[in-house]
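All ligand and atom numbering here is 1-based and tracks the order in the structure. These figures come from a predicted structure and were not determined experimentally.
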Amino acid sequence: MRKLQNVLVTGGLGFIGSNFIRTLLKEPAFTGKIINLDKITYAGNPASLKDVQEQFLDTRYFFEKGDITERGVIEQIFIKYHIDTVVHFAAESHVDRSILGPENFIKTNVLGTFTLLETARHFWLPHKTVDREVLFHHISTDEVYGSLGTTGSFSETSPYDPHSPYSASKAASDHLVLSYYYTYGLPVTISNCSNNYGPYQFPEKFIPLSILNIIEEKPLPVYGNGKNIRDWIYVGDHNRAVLKILNEGGAGQRYNIGGDNEWENIRLLHTLIDIIARKINLDSEKIRNTIKFVKDRPGHDLRYAIDCSKIKKELGWKQDVNFTEGLSRTVDWYLGNQDWAGQIRSGDYQKWIEKNYEERN
Ligand code: NAD
Ligand code: DAU
């Protein structure tokens, strides 16, 4: 088991990164510090870590505002905090945004990952600034494998075949990460995870967007015929897998993480409608009438399914939260945190939604 001490988390104000920080701080075996480096883009939200800031700011949790493409910023952080572990979440993460404007995806996802790798290589390898075991863990996605037909699943040896600027930028970053292992011997691990859901997810993504639109009685956009399939995993289950990899993963190894939980989009939407209608006493038939089939996403992958038997067998991880329970918790969270969502859904967010839907009419 590795001893994590000074952990640099990139993108820790985003959906999955903020959940990871909370999870790690609750881990009894972890006594170290977390340094969160985040640029606070539209997707980064300090309110998502309010509780952590109140309890741990400048004792076990440190925040640095900055961009992962800026080498000087990262170097300063490595020096100041004696970083021994990097958990790299920071990314531009939304497929539709990558279609409308790919440039930031290349900058952050490719150049940003490269800059982090270069810094880690220069600090960890020749100078041995830390005497502990070091590790660079890269958070990636199942989208790098492309699209499946009606059968089969992605394993760690499936060929890369990305279809959107987002997935292509993540694929490029994965290749860079592994190249630093083979070329320089940098201890790296990669995880490729399927679709996450849970509290604090930015409401441009399908589940939180649908939940909030149902609650606010707004139209429910479904791309194409609604028959695309995603494999959903609760965000906490994803992060428990990341912790397993940090503690016990093998250098140079890639691990698939998934929910073993495939759903057609339209079926998922009907389920969400039923859950919310029951909870707040709405007429589910009336809500169903607000479903709007809209123009499809260009290059829309038909189906993702993850074979995560490797991490189960080798590291003893498994999912804990079943989908009904996870969706119910998520809906409760959005119902109870309408301030968090309300702040986001005003201003620039509205402009984005309108622009995205202009493309779909
Ligand atoms: P998110 O969009 O919610 O958060 C991204 C965070 O990164 C934000 O806090 C943002 O401010 C920060 N960031 C963006 N550009 C930055 C930069 N240049 N420098 C520093 N910080 C920057 O993303 P998420 O959904 O939490 O995803 C996190 C990671 O997990 C990403 O790498 C994504 O590719 C991967 N992933 C996501 C999913 C999913 O379903 N959401 C599934 C598999 C993998
Ligand atoms: O598979 C992992 C990936 O999951 C991550 O790498 C990405 O960061 C994350 O955004 C997510 O990508 P998707 O494109 O699968 O997620 P999204 O929530 O955007 O869409 C899920 C499905 O729902 C997809 O088939 C498109 C569809 N959709 C989406 C939206 C926003 C709709 O039908 N209507 C919508 O309004």
Checklist entry - Quick check: are there more than 12 heavy atoms from other residues, nucleotides or ligands sitting under 6.0 Å from NZ of Lys279? => result yes
Next on the checklist: Can you give me the closest heavy-atom contact between Arg97 and Phe105, atom names plus distance?
Outcome noted: C-CE1, 3.8 Å
Checklist entry - Is any NZ, NE, NH1 or NH2 atom of the basic residue among Glu264 and Arg230 found under 4.0 Å from an Asp or Glu carboxylate oxygen of the other? => result no
Checklist entry - Within a reach of under 6.0 Å around CD of Gln343, are more than 12 heavy atoms found that belong to other residues, nucleotides or ligands? => result no
Checklist entry - Taking atom CG of Asp51 as the centre, does the number of heavy atoms from other residues, nucleotides or ligands within less than 6.0 Å exceed 12? => result yes
Item to check | Neighbouring protein residues of ligand 2 - any heavy atom closer than 4.0 Å | outcome: Ser93, His94, Val95, Thr141, Asp142, Glu143, Tyr166, Cys193, Ser194, Asn195, Glu204, Lys205, Phe206, Leu209, Pro221, Val222, Tyr223, Asn228, Arg230, Asn265, Arg297, His300, Tyr304, Tyr357
Checklist entry - Above 12 or not: heavy atoms from other molecules or residues under 6.0 Å from CD of Glu27? => result yes
Next on the checklist: Apply side chain to side chain donor-acceptor pair (under 3.5 Å) to residues Lys205 and Ser93 and explain how you reach the verdict.
Outcome noted: CA-CA 10 Å; Lys205 309 279 163 63; Ser93 71; 2.9 Å; yes
Item to check | Note, Asn45 side chain near Leu13 side chain (heavy atom, < 4.5 Å) | outcome: no
Within the protein, flag every N or O under 3.5 Å from an N or O of ligand 1, and note the pair and distance.
from, atom 1, to, atom 2, distance (Å)
ligand 1, 2 (O), Ser93, OG, 2.7
ligand 1, 3 (O), Phe15, N, 3.1
ligand 1, 9 (O), Gly14, N, 3.0
ligand 1, 9 (O), Asp38, OD1, 3.3
ligand 1, 9 (O), Asp38, OD2, 2.6
ligand 1, 11 (O), Asp38, OD1, 2.5
ligand 1, 11 (O), Thr41, N, 3.0
ligand 1, 11 (O), Thr41, OG1, 3.1
ligand 1, 18 (N), Asp67, OD1, 3.0
ligand 1, 18 (N), Thr108, OG1, 3.0
ligand 1, 19 (N), Ile68, N, 3.0
ligand 1, 21 (N), Lys39, N, 3.1
ligand 1, 23 (O), Ser93, OG, 3.3
ligand 1, 26 (O), Phe15, N, 3.3
ligand 1, 26 (O), Ile16, N, 2.8
ligand 1, 32 (O), Phe89, O, 2.9
ligand 1, 32 (O), Lys170, NZ, 2.7
ligand 1, 34 (O), Tyr166, OH, 2.7
ligand 1, 34 (O), Lys170, NZ, 3.1
ligand 1, 40 (O), Asn196, N, 2.9

Checklist outcome for this item: Smallest heavy-atom separation, Arg254 atom then Lys310 atom, equals O-NZ, 2.8 Å
